[in-house]
Amino acid sequence: MEMTTKEKMLKKIKENFKKKRRNWSIDYCTENNMDDAYDAALSTLTFLDNSFTEEEKEKWHFINVKVAVTKHSDNKYQINVCM
């Protein structure tokens with residue numbers, strides 16, 4: 001599973017918006033504990049919020065973008081960006 005940087009993630013998200021894809025998910029990163037995972041998720045959502053203009057958010061239905069934290073069996077926490 002390939003992890004990505006914030007810039008690569010942003011590029012993939014913009015590509016998905018431009019291609020009008022409705023259901024997509026991007027694996028962003030993995031953290032070892034829940035507190036770090038939720039901090040990373042909040043940081044990611046803030047980064048994305050600041051990366052789009054209000055017009056882009058409205059045009060591409062940015063409100064539907066979610067940042068999810070999933071616990072895996074090895075007690076690692078996966079952060080995904082999805083719509």
Side-chain angles (χ1 to χ4, degrees):
M1 184 180 322
E2 179 186 339
M3 297 301 146
T4 185
T5 64
K6 285 186 178 182
E7 291 76 23
K8 286 182 182 178
M9 174 188 56
L10 182 61
K11 183 179 177 184
K12 288 179 184 179
I13 290 170
K14 287 186 176 187
E15 287 173 5
N16 288 336
F17 281 151
K18 288 177 184 174
K19 292 179 181 177
K20 298 183 179 181
R21 293 185 177 144
R22 293 285 178 191
N23 297 315
W24 48 266
S25 179
I26 299 169
D27 295 334
Y28 176 54
C29 67
T30 302
E31 295 292 339
N32 290 322
N33 67 55
M34 185 175 61
D35 290 337
D36 290 344
Y38 282 101
D39 288 344
L42 180 59
S43 169
T44 302
L45 189 57
T46 302
F47 169 77
L48 292 175
D49 188 48
N50 293 332
S51 297
F52 292 95
T53 65
E54 292 302 319
E55 293 81 23
E56 288 174 322
K57 290 177 189 176
E58 187 175 323
K59 175 183 174 184
W60 291 329
H61 305 281
F62 183 78
I63 196 166
N64 294 326
V65 173
K66 308 289 187 258
V67 177
V69 177
T70 307
K71 183 178 180 185
H72 291 277
S73 59
D74 59 358
N75 287 328
K76 297 208 181 240
Y77 296 84
Q78 176 73 43
I79 292 94
N80 297 327
V81 180
C82 52
M83 181 168 169

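Residue indices begin at 1 and follow the sequence shown. Note: hydrogens, waters and symmetry copies are ignored here, and every other heavy atom, side chains too, is used. These figures come from a predicted structure and were not determined experimentally.
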Item to check | Between OG on residue Ser43 and NZ on residue Lys6, distance to nearest 0.5 Å | outcome: 3.0 Å
Checklist entry - Roughly how far, to the nearest 0.5 Å, is the CE atom of Met34 from the CG atom of Asn75? => result 11.5 Å
Item to check | Heavy-atom pair with the smallest gap, counting every atom of Ala41 and Val69 | outcome: CB-CG2, 3.7 Å
Checklist entry - Considering residues at least two apart in sequence or located in another chain, which fulfil the side-chain contact (heavy atoms from CB on, under 4.5 Å) criterion with Asp36? => result Glu31, Asn33
Next on the checklist: Just so I know, are the side chains of Met83 and Ile13 near enough to count as touching, which here means a heavy-atom distance under 4.5 Å?
Outcome noted: no
Under 3.5 Å, side-chain donor or acceptor atoms of residues 58-68 against the rest of the protein: list the pairs with distances, not counting sequence neighbours.
unit_1, atom_1, unit_2, atom_2, d
Lys66, NZ, Ile63, O, 3.4

Next on the checklist: So, taking the atom named CG in Asp27 and the one named CE in Met9, what distance separates them when rounded to the nearest 0.5 Å?
Outcome noted: 11.5 Å
Checklist entry - Just how far is it from atom OG of Ser51 to atom NZ of Lys11, taken to the nearest 0.5 Å? => result 15.0 Å
Checklist entry - To the nearest 0.5 Å, how far apart are OH in Tyr77 and OG1 in Thr30? => result 12.5 Å
Item to check | Ala40 backbone acceptor or donor facing Thr44 side chain under 3.5 Å | outcome: yes
Checklist entry - Among the clusters formed by ILVMFWY side chains lying less than 4.5 Å apart, do Leu42 and Leu10 turn up in the same one? => result no
Checklist entry - Distance from Cys29 atom SG to Lys76 atom NZ, nearest 0.5 Å? => result 11.5 Å
Checklist entry - Does the Asp49 side chain pair with the main chain of Leu45, one donor and one acceptor, at a distance under 3.5 Å? => result no
Item to check | Residue pair Lys12, Glu15: steps toward the salt bridge (charged side-chain N to carboxylate O under 4.0 Å, His left out) verdict | outcome: CA-CA 5 Å; Lys12 288 179 184 179; Glu15 287 173 5; over 6 Å; no
Next on the checklist: Just to verify, what does Thr53 make a side-chain contact (heavy atoms from CB on, under 4.5 Å) with, not counting sequence neighbours?
Outcome noted: Glu55, Glu56
